[in-house]
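This one's a predicted model, so the numbers in the text were calculated from it and none came from an experiment. Atom set for the values below is all heavy atoms of this structure, side chains included, hydrogens, waters and symmetry mates excluded.
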Amino acid sequence: TDQRQLEDLIIETMYLNLIKGKLNQKQQILKIHDVFGRDVRVSSLPDIIRKLKLWKDHCVQARSILSENINLIQKSREDDRQEQLSIEQKIFDIKTSILEMTMRDDVY
């Protein structure tokens, strides 16, 4: 229904902090205490642009750091895998050696 859609829209805008207020479903009243403004003064644009550029630079830096960390983790994972394979090969070699010694002892 239209009423339910309106209630959902109001609730969504409240979750997004676009409006702050109290919704009384029983009385079908919305009391708005605060709203998030959309209008921007032209004089504010340089500061907004500066902040957005700074935010973008931080995002680029964070992406670079994350990429480096991912590469380090992948290398560490591959090194661990190679070490595990080496250990498994040593275990196999020792077992084979023990088995060969046991077989020689059984022959004598």
Side-chain angles (χ1 to χ4, degrees):
T1 67
D2 289 338
Q3 183 177 351
R4 182 64 194 157
Q5 289 174 332
L6 178 59
E7 287 175 359
D8 289 345
L9 178 63
I10 291 169
I11 291 168
E12 184 177 346
T13 58
M14 292 176 91
Y15 282 139
L16 293 171
N17 289 322
L18 298 176
I19 62 170
K20 293 180 182 176
K22 291 189 178 187
L23 178 62
N24 185 327
Q25 292 176 323
K26 186 176 181 181
Q27 294 179 356
Q28 296 182 336
I29 296 173
L30 170 64
K31 291 184 181 179
I32 296 176
H33 302 289
D34 193 21
V35 295
F36 182 84
R38 290 185 356 181
D39 297 335
V40 177
R41 292 187 184 114
V42 174
S43 62
S44 300
L45 287 177
D47 190 47
I48 292 171
I49 291 169
R50 181 187 60 77
K51 288 178 182 178
L52 287 172
K53 284 181 179 178
L54 184 61
W55 177 72
K56 178 191 154 243
D57 292 343
H58 286 160
C59 289
V60 168
Q61 184 180 13
R63 181 177 179 218
S64 176
I65 291 169
L66 287 172
S67 181
E68 289 175 19
N69 285 340
I70 288 169
N71 290 337
L72 288 172
I73 290 168
Q74 288 174 336
K75 184 182 180 328
S76 176
R77 184 175 165 194
E78 180 60 26
D79 291 347
D80 289 347
R81 192 179 75 75
Q82 290 297 330
E83 184 178 355
Q84 179 68 30
L85 289 173
S86 175
I87 291 170
E88 289 174 1
Q89 183 62 46
K90 287 177 184 176
I91 291 171
F92 177 79
D93 292 345
I94 291 171
K95 285 181 177 180
T96 303
S97 177
I98 291 172
L99 184 61
E100 289 174 353
M101 288 176 22
T102 304
M103 292 177 71
R104 266 188 276 144
D105 288 347
D106 285 347
V107 171
Y108 294 113

K.L.:
First locate atom CG of Asn71, then atom OG of Ser76, and finally report the distance between them rounded to the nearest 0.5 Å.
P.N.:
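Going from the CG atom of Asn71 to the OG atom of Ser76 covers 12.5 Å.
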K.L.:
So, does Ser86 use its side chain to make a donor-acceptor pair with the main chain of Gln82 at under 3.5 Å?
P.N.:
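No, because the side chain of Ser86 does not come within donor-acceptor range (under 3.5 Å) of the backbone of Gln82.
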K.L.:
First locate atom CG of Leu16, then atom CD1 of Ile11, and finally report the distance between them rounded to the nearest 0.5 Å.
P.N.:
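If we round to the nearest 0.5 Å, Leu16:CG and Ile11:CD1 are 12.0 Å apart.
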K.L.:
Within this structure, what is the CZ-OG1 distance for the pair Arg104 and Thr102, rounded to the nearest 0.5 Å?
P.N.:
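Here the interatomic distance stands at 9.5 Å.
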K.L.:
Please answer: with hydrophobic residues joined when any side-chain heavy atoms are less than 4.5 Å apart, are Tyr15 and Ile10 in the same cluster?
P.N.:
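Shared cluster, yes.
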K.L.:
Any side-chain to backbone donor/acceptor pair from Thr96 onto Phe92? Under 3.5 Å, distance only.
P.N.:
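Here the side-chain-to-backbone pair exists.
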K.L.:
Is there a path of hydrophobic side-chain contacts, each under 4.5 Å between heavy atoms, that joins Leu52 and Leu45?
P.N.:
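Yes, one cluster joins them.
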K.L.:
Would you compute the distance between atom CD1 of Ile32 and atom CG of Leu18 and round it to the nearest 0.5 angstrom?
P.N.:
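The CD1 atom of Ile32 sits 11.0 Å away from the CG atom of Leu18.
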K.L.:
Can you measure from CD1 (Ile65) to NE2 (His58) and round to the nearest 0.5 angstrom?
P.N.:
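So the gap between those two atoms works out to 10.0 Å.
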K.L.:
What's the separation between atom CG in Leu9 and atom CZ in Arg4, rounded to the nearest 0.5 Å?
P.N.:
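These two atoms lie 11.5 Å from each other.
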K.L.:
Are any non-hydrogen side-chain atoms of Asn24 and Leu30 less than 4.5 angstrom apart?
P.N.:
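No - every pair of side-chain heavy atoms lies 4.5 Å or more apart.
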K.L.:
Side chains of Ile87 and Glu83, heavy atoms from C-beta outward: is any pair under 4.5 Å?
P.N.:
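Side chain of Ile87 against side chain of Glu83, heavy atoms only: contact under 4.5 Å found.
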K.L.:
May I ask you to say whether Lys53 pairs ionically with Asp57, meaning some side-chain N is under 4.0 Å from a carboxylate O?
P.N.:
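So Lys53 does not pair with Asp57 through a salt bridge.
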K.L.:
Can you check side chain to side chain contact (heavy atoms under 4.5 Å, CB included) on Asp2 and Gln5, steps first, answer last?
P.N.:
CA-CA 5 Å; Asp2 289 338; Gln5 289 174 332; 3.4 Å; yes
K.L.:
Could you list the residues that satisfy salt bridge (Lys or Arg N to Asp or Glu O under 4.0 Å) with Arg81, not counting sequence neighbours?
P.N.:
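Result, salt bridge (Lys or Arg N to Asp or Glu O under 4.0 Å) vs Arg81: Glu78.
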K.L.:
Which heavy-atom pair separates Lys22 from His33 by the least distance, and what is that distance?
P.N.:
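Smallest interatomic distance, heavy atoms only, reads CG-NE2, 3.8 Å.
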K.L.:
May I ask you to check whether Gln89 and Asp93 show a side-chain donor-acceptor distance below 3.5 Å?
P.N.:
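Yes.
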K.L.:
With the side chain counted from C-beta on, respond yes when Met101 and Ser97 share a heavy-atom pair under 4.5 Å apart, and no when they do not.
P.N.:
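Heavy-atom side-chain distance check passes, below 4.5 Å.
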